[in-house]
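Numbers here are sequence positions counted from 1. In each ligand, atom 1 is the first atom listed, and ligand 1 is the first ligand listed.
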Amino acid sequence: MKKQFLDLGKQPIANKFLKEKISNEYFYQLGVAFDTDTCLITQTEYVDPPLMFNDSYVYRGSMSKTMVEHFKNLSKQFINKSILEIGSNDGVFIKNWNPKNVVAVEPCKNFAIETRDLGYTTYPNFWTTELSNTIKEKHGHQDIIFSANCICHIPDLDDTFKAVENLLTDNGVFIFEDPSLAGMINNNSYDQIYDEHPHIFSVIALDNILKRNGLEIIQVENLTVHGGSNRIYAMKIGNGLIDPSVEKNKSYERILGLDKFETFVRFAEKVKQSKEDLLRLLTQCKSENKKVISYGATSKSTTIFNYCGIGTDLIQYITDTTPEKQGKLSPGVHIPIVSPDHAFDESVDYAYLGAWNFIEEIRKKENNYLNQGGKFITHVPVVQVV
Ligand code: TYD
């Protein structure tokens, strides 16, 4: 049973950047709940996936050096295995592999065409049991099924895991990584919650849901990407040795109280406080005539700006390196997005870190800005100037 603990208000599609203001922009009510059966943190209602993942999807994994290196390092471990990737995006992971060993699945057709043109067999579909049957017939069972920042995008986890179980070899490994609930709670990063993230995973909840679909977690790796993620290794039940990292992570999560509804009631209070603090800081900057912009037109910042009611009165524009986002307006609050090439300069006093998860990469890159007295604002883990 879902018990709601947080209401993040009316939200637009987080990655739907607009060419111009439109009167019929789609909004939904973003409620967040604890599932008492599995301990899953999940939305009260899900946005229909084709509204988010279609041929105008703009998020590119390859836009960040951190992510390119991250996937290169993982790929080195699995030479000559057959691999299927769920949600292959612009090929940031599979580009490290020989196309003959890879089957890719990507419902955003713009990206599916891109990886197909690079020689990778790419199915332009959503991941379902039906698709896994088709792939099994054509390409056989797979040694590795990989997915990064995608499983938490899929509303129906039972079907997702059944489809994986169906396609894995008996010794096959399902490896997937998504932002971790422990990371979100520790960072107070409630902006991890938006339409594309209908769930935020704890190891406890995942193991509960995987087990009822014939899989179990055999290892957990804690990653620093995206503000704290977990890479989960799962196999068919009984087919792999269970590493101590599984129990270690579960017991840490129990210490954080991730298996208890009350923990999330307290989290909701902290979220409200974060909103008040951010509005206070931005309003103060405005009253001092400071130029405030935002750095990185992220989906996460869509949640923040729409929940807090932050528009062009408080943030003049957003810079982003993604060509597809430039020249557009941010969802819901319609802040213009521009290339940082000319807009991120010494005239900026404060830059709110929409892409706070890349803070180290950004700090290195924007050394000049910082040396000239420019400052960043973040809400992670508390609202502050850094
Ligand atoms: P990310 O935090 O991965 O996204 P989301 O919340 O949407 O899942 O996206 C990072 C965005 O920030 C992406 O649009 C690229 C942009 N970006 C910059 O503009 N400059 C940078 O230096 C970095 C690291 C990212």
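- Under the 4.0 Å criterion applied to side-chain N and carboxylate O atoms, Arg266 and Glu269 are not assigned as salt-bridge partners.
- Below 4.0 Å from some heavy atom of Ile362 lie the following atoms of ligand 1, by number and element: 22 (O).
- Looking at Glu366, Lys300, Lys365, Glu360, it is Lys365 that brings a heavy atom closest to atom 21 (C) of ligand 1.
- Using a 4.0 Å cut-off to heavy atoms of Glu361, the atoms of ligand 1 that qualify are 24 (C).
- Contacts between Thr322 and ligand 1 below 4.0 angstrom, taking non-hydrogen atoms only, involve the side chain exclusively.
- The proximity of Asp320 to ligand 1, defined as any non-hydrogen pair under 4.0 Å, involves the side chain as well as the backbone.
- Heavy-atom proximity to Tyr295, at under 4.0 Å, picks out these atoms of ligand 1: 20 (N), 21 (C), 22 (O).
- The six-membered or imidazole ring of His199 lies near that of Tyr46, with a centre-to-centre distance under 6.0 Å.
- Residue contacts with ligand 1, taken as heavy atom pairs separated by less than 4.0 Å, do not involve Glu196 at all.
- Given atom 8 (O) of ligand 1, the protein heavy atom at minimum distance is Tyr194 OH, 3.2 Å.
- Annotation for Leu241: atom CG does not count as buried by contact number, only 12 or fewer foreign heavy atoms lying within 6.0 Å.
- Taking 4.0 Å as the cut-off between side-chain N and carboxylate O, Glu165 and Lys162 do not count as a salt-bridged pair.
- With Phe264 as the aromatic partner, Lys2 does not meet the cation-pi criteria of under 6.0 angstrom to the ring centre and within 45 degrees of the ring axis.
- Atom 7 (O) of ligand 1 has Ser299 OG, 2.6 Å as its closest protein atom, hydrogens excluded (heavy atom only).
- Interface of Ala355 with ligand 1, defined as ligand atoms under 4.0 Å from a residue heavy atom, comprises 12 (O).
- Residue-level proximity to ligand 1 for Thr321 is carried by backbone and side chain together, each with a heavy atom below 4.0 angstrom.
- Close approach to Lys325 involves these atoms of ligand 1, each under 4.0 Å from a residue heavy atom: 13 (C), 14 (O).
- Counting only distance, with no hydrogens or angles, the side chain of Gln192 and the backbone of His226 share a donor-acceptor pair below 3.5 Å.
- Near Phe358, meaning under 4.0 Å from one of its heavy atoms, ligand 1 places the atoms 1 (P), 2 (O), 3 (O), 10 (C), 24 (C).
- Looking only at side-chain heavy atoms (C-beta outward), Lys109 and Tyr57 stay at 4.5 Å or farther from each other.
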Verdict with reasoning, Phe34 to Phe267, per ring-ring contact (aromatic ring centres under 6.0 Å, His included)
CA-CA 12 Å; Phe34 176 82; Phe267 171 68; over 10 Å; no

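- Cation-pi geometry between Lys10 and Phe27 is not satisfied (NZ or CZ under 6.0 Å from the ring centre, within 45° of the ring normal).
- Ligand 1 places these atoms under 4.0 Å from at least one heavy atom of Gly296: 12 (O).
- Using a 4.0 Å heavy-atom cutoff, His226 is listed among the residues neighbouring ligand 1.
- Contact annotation: Trp356 has no heavy atom less than 4.0 Å from any atom of ligand 1.
- Put simply, the residue from Asp207, Asn213, Asn208 that forms a side-chain hydrogen bond (donor to acceptor under 3.5 Å, both in side chains) with Lys211 is Asp207.
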